[in-house]
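Naming convention: chains lettered A, B, ... in sequence-line order (proteins, then strands); numbering from 1 in each chain.
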Amino acid sequence: MEYNHRAIEARWQQYWKEAGTYHVEIDKSRPKFYVLDMFPYPSGAGLHVGHPLGYIASDIYARYKRLQGFNVLHPMGYDAYGLPAEQYAIQTGQHPEVTTRDNIARYRQQLDKIGFCFDWQRELRTCDPEYYKWTQWAFIQMFNHYYDTDAAKAMPVSKLVKHLEAHGTDGLHAAATKDLTLTADQWRAMDERQQSDVLMNYRLAYLGNTMVNWCPKLGTVLANDEVSEGVSIRGGYPVEQKLMYQWCLRVSAYAPRLLEGLDRIDWSDSIKETQRNWIGRSEGAEMKFRVAGTDIDLEIFTTRADTVFGVTFMVLAPESMYVDMVTTEDCRNEVSRYIDAIKHKTERERMIDKKVTGVFTGSYAVNPLTGKQIPIWVSDYVLAGYGTGAIMAVPAHDSRDYAFAKKFDLPIIPLIEGADVSEESFDAKSGKMINSASDELDLNGLEVKDAIAATKRFIEQKGIGKVKVNYRLRDAIFSRQRYWGEPFPVYYKDGIPHMLDVDKLPLMLPEVDKYLPTETGEPPLGRAKNWNTPEGYRLELNTMPGFAGSSAYYLRYMDPRNNDALVSKEANSYWRSVDLYVGGSEHATGHLIYSRFWCKFLYDIGEVCEDEPFRKLINQGMIQGRSNFVYRIKDTNTFVSHGLKEQYDVTPIHVDVNMVSNDILDLEAFKAWRPEYADAGFVLEEGKYVCGYAVEKMSKSMFNVVNPDDIVERYGADTLRLYEMFLGPIEQSKPWDTNGIDGVNRFIKKLWGLFYKGDTLLVNDDAPTADNLKSLHKLIKKVTADIEAFSFNTSIAAFMICVNELNQQKCHSRHILEKLIVVLAPFAPHVAEELWHTALGHDTSVVDAAWPGYDEAYLVEKNVTYAVSFNGKARFNIEVPADMQREEVEKTALAHENASKWLDGKTISKIIVVPGKIVNIVLG
RNA sequence: GCUCGAAUGGUGGAAUGGUAGACACGAGGGACUUAAAAUCCCUUGACCAUUGCGGUUGUGCGGGUUCGAGUCCCGCUUCGAGCACCA
């Protein structure tokens, strides 16, 4: 029998499907293991060769774990809501659901050809009402909970209401949009709408005012990357900053726990670091500066409490509520003009524009430590959204304050010994303090670190400030003015939002005539007719963003058809959380934060038993494209080979990589590619046309897309799987280069050659030799360790070595080959299954075999070579039995005929024996 | 600017502080073949030597620790990633 990948792969894919080989159920007699891939967005372009990289790695791991006796959950589904389908719908009128369904069918076809062990009975689609029912359900739960900072967990809003009724805000420690102070009497005196507004200040899912890029012409909010120079990228319509009332999730409440949880999960340092940066914890102090001649206190946040003696002015963010309070009549016009000018800029423009601008409010603040009066300014370099939106400026030790002071000629007082602040500020947090003393507090001579601590202690004692931890993490804006997303389970009654009853879920996404905003500027859902509005009230017209559906999907896989709960207690307590999660690192500050937040919330309300969703995370690298170029001589139809292009004036042109092999262009295919190239001429090197290449993003326009289907058709899925893994470390980004795929294809053929020569079955029942056993056990040991370490490229190298050795040993022993096949099965399941059945005669699937252990006894070397060195320089080798004791090794080394030559009468000061490697004799 | 990571042949990449370059591609040579493909064998970091043994040098740069450093430490350079008027 010859190796025929097409027949083999079709046969076993069919077999696995019919036998339900990969379907899993809860089995309490076996330990569970949950392997998950980040589910794909089914785009219209289909899969390219980069997409399956992570899926192959996780598939290998899942199969390996199963062979080790684990009950492995390995599901797959689709993140089906998304912008491309909606854009396509706007252009063509095609319902996004239709496009999405077609794309999913195509994805499924492509995935099936690669031979993954997914349990397709658990497939999910986020746009499926059965699924998004639970997305809506979770939203309702968030609406009905607030975050108690004492208990550090979510609590029911009903408890909050009880507290407000009894004590007002007194003793209430809850995450809030802004600090409120209410008495119980005031609360009870409020009408329903006022009370609703108060509760919004605490709910985990809340309606809030947020600055957004609003494009009136398009009738939608745009993301920052959809706006450039004040106009929309699509259409070029003006975009303005607008405060919009929309749904938000109070992710910021969980900032401390999101940070702390990172210490308990096995993720790469880089992605943890990215999340830490994003959460942005900073320890500092909040301090009050009295505005001179008033009873207004400006609250500021600083991490450099020690520099308070160097504060020479204050700065407010233009949006700060203090601005209005402190601006004097004389300055009011100028301040308003400044703020108006700022308003017309997008946040992005404000960031790009590094020009220092600002305006004086006319008021002064009193430095609480020195009693000196300092001017209060307004400038857009202070952000409203961080801290209190007001800062104390210390120009000597903060570069932004320094630039501002220079521009507006404000005083600069150095506070650290030896710091030269004539040209630039001294931002480092080190050195000895100077100029920092008052009657009550003397920091002079202290190290910065100690000065910070001393100042904090002092301001707390004096009641002018308190120690505070600030986080950069913002709440997530949860409304989108889009059609293709989950509808909110929300209706408005007299303008007050209410949640639908849970038993009315799902609230189905309605049909609309067009996927555009309405004429009155409402989101597309405003077009829906006869939408099932409960009791005749108005439904929320926004939809949820993309991350809504992907935040808890991993839980749903545990129990995907449950209509009574997101996941049953039984399924959740068995499968618990994802043991291995594989996906791209680009989700570090999106999906991977939101999922963790969502999970912690569900944990708080007792729905799930683990508070971290993904125990171990592997980030597969991106596969980039490797584009090929031909070089056309200007104004001709002649193309010059890469090595000769310097001699001409040429234009590089992308050519389809599928016409190029090892950078050699297939001239006939090129001529046939485009009519204008039919009569092209070529300047060749040694009879060949050599193309240039470049690493770029894999995309149609670069003609560098390699389709996995083509590889599977030509070489087979097993070759594709092995080659993708052989390309390099899984976490590394690398360009796809089909050159080299022959190597792994040859390996499979050589492996086949151990079993068959032509039609002859070579497998015999001979007892394995010591060499056979050594080759096999070396392989098992290496592959076991490599899979655990996700080092798949080196395990494939180990397979190649093993098969070459067995070939040389002419080993066809069943004993050896059976174990070889089991170990290979996770990597190349089709060929393994074929040989397992036809050559080795089994009638059960190889996936039900047991992962073999290895025996060190077969691996022990009989003899070991030591390099004998003198003063670190290797001089000769000795070969001794492997179990020889180190003193004996020393003696043998010194007894060697060459030793006396190097000793040459010198004394020996030290002898170092490294087991199995080197004897170093250090001469005195 | 801050944080994290990386740098090894023509290429992708291997190396618990212990013979650097596993494995593969590519290249060169050879066998088989009318020929090509396929397959198999040999060579392949560089330099020198080559009738034979071999020798020198070599992991971005400069130092250090060590009997011994691609690996550990300090200081740079370059590239990649994340964050970025975050006080």
Side-chain angles (χ1 to χ4, degrees), chain A residues 268-282 284-285 300-305 307 311 315 317 347 350-354 356 379-394 397-401 403-404 427 470-474 585-586 588-589 619 621-622 626 662-663 693 722-723 726-729 731-747 749-750 753 782 785 791 793-802 804 807 865-867 869-874 877 909-923:
Chain A
S268 72
D269 288 340
S270 77
I271 213 145
K272 283 189 189 179
E273 198 57 33
T274 302
Q275 290 210 344
R276 285 196 189 100
N277 280 342
W278 188 258
I279 296 165
R281 182 180 197 273
S282 56
I300 59 95
F301 174 78
T302 182
T303 54
R304 293 293 302 274
T307 60
V311 178
V315 189
E347 204 155 309
R350 275 172 66 172
M351 284 195 293
I352 291 165
D353 191 359
K354 297 276 184 198
V356 178
S379 173
D380 69 346
Y381 84 87
V382 174
L383 303 179
Y386 183 76
T388 60
I391 61 154
M392 62 178 213
V394 186
H397 301 289
D398 182 286
S399 52
R400 297 152 299 174
D401 297 345
F404 196 81
D427 291 17
N470 241 326
Y471 295 92
R472 206 189 64 92
L473 184 69
R474 311 275 174 90
S585 57
E586 67 274 18
T589 54
N619 298 116
M622 293 248 286
R626 188 182 187 280
N662 288 328
D663 292 333
Y693 74 89
L722 289 173
Y723 188 56
F726 189 63
L727 228 42
E731 309 208 57
Q732 202 165 298
S733 287
K734 56 234 155 189
W736 176 266
D737 185 354
T738 308
N739 301 342
I741 198 166
D742 289 330
V744 289
N745 195 238
R746 264 176 222 141
F747 157 73
K749 288 178 184 163
K750 283 182 195 170
K782 175 79 174 147
S791 177
N793 56 333
T794 50
S795 36
I796 291 165
F799 278 114
M800 291 174 172
I801 294 167
C802 179
N804 278 340
N807 256 319
T865 303
Y866 281 83
S869 75
F870 294 84
N871 286 349
K873 201 85 182 168
N877 294 335
S909 70
K910 194 158 40 164
I911 298 180
I912 298 155
V913 178
V914 180
K917 293 295 176 184
I918 280 176
V919 183
N920 188 40
I921 297 162
V922 185
L923 301 175

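At whole-Å resolution of the value, CE in A:Met800 and P in B:A24 are 6 Å apart. Between A:Asn470 atom CG and B:C83 atom P the separation is 20 Å, expressed in whole Å. For the pair A:Arg472 CZ and B:A87 C1', the computed distance is 14 Å after rounding to whole Å. Whole-Å rounding puts the A:Asn745 CG to B:C25 P distance at 11 Å.
Using the Watson-Crick or G-U wobble rule with both distances under 3.5 Å, B:U66 pairs with nothing in any strand shown. Across all strands shown, the partner of B:U57 is B:G45, judged by Watson-Crick or G-U wobble contacts whose two distances both fall under 3.5 Å.
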Atom pairs under 3.5 Å, N or O on each side, protein against nucleotides 10-15 of chain B: can you list them with distances?
| unit_1 | atom_1 | unit_2 | atom_2 | d |
| --- | --- | --- | --- | --- |
| B:G12 | O2' | A:Leu727 | O | 2.6 |
| B:G13 | OP1 | A:Gln732 | NE2 | 2.5 |
| B:G13 | O3' | A:Asn793 | ND2 | 3.3 |
| B:A14 | OP1 | A:Asn793 | ND2 | 3.3 |

Distances for protein N/O vs nucleotides 1-7 of chain B N/O pairs under 3.5 angstrom?
| unit_1 | atom_1 | unit_2 | atom_2 | d |
| --- | --- | --- | --- | --- |
| B:U3 | O2' | A:Glu273 | OE2 | 2.9 |

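Annotation: B:C25 and B:A14 have their C1' atoms spaced 15 Å apart (nearest Å). The C1' atoms of B:U34 and B:G26 are separated by 29 Å, rounded to the nearest whole Å. B:G28 and B:A38 have their P atoms separated by 14 Å, with the value rounded to a whole Å. B:G60 and B:A7 are spaced 8 Å apart, taking the P atom of each and rounding to whole Å.
Within 4.0 Å of A:Asn807, counting heavy atoms only, lies no atom of the nucleic acid at all. Across all strands, A:Ile391 comes closer than 4.0 Å to base atoms (heavy-atom distances). As judged by a 4.0 angstrom heavy-atom cut-off over every strand, A:Ser399 is placed among residues making no nucleic acid contact.
Counting only heavy atoms from C-beta on, A:Val382 has its side chain closest to B:A87 among B:A24, B:A87, B:A22.
Tested against A:Met622, the residues A:Ser733, A:Pro735, A:Ser585 include a single side-chain contact (heavy atoms from CB on, under 4.5 Å) partner, A:Ser733.
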With B for base contact, S for sugar-phosphate-only contact and - for none (protein heavy atoms under 4.0 Å), nucleotides 35-40 of chain B reads ----SS
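Between A:Ala403 and A:Val356, the closest heavy-atom pair is CB-CG2, 4.0 Å.
Between the side chain of A:Asn470 and the main chain of A:Ser282, no donor-acceptor pair closer than 3.5 Å is present.
Ring pair A:Phe799/A:Phe747 is tilted by interplanar angle, where 30° to 60° counts as tilted. Note: A:Phe404 and A:Tyr381 have tilted aromatic rings, judged against thresholds of 30 and 60 degrees for the angle between ring planes.
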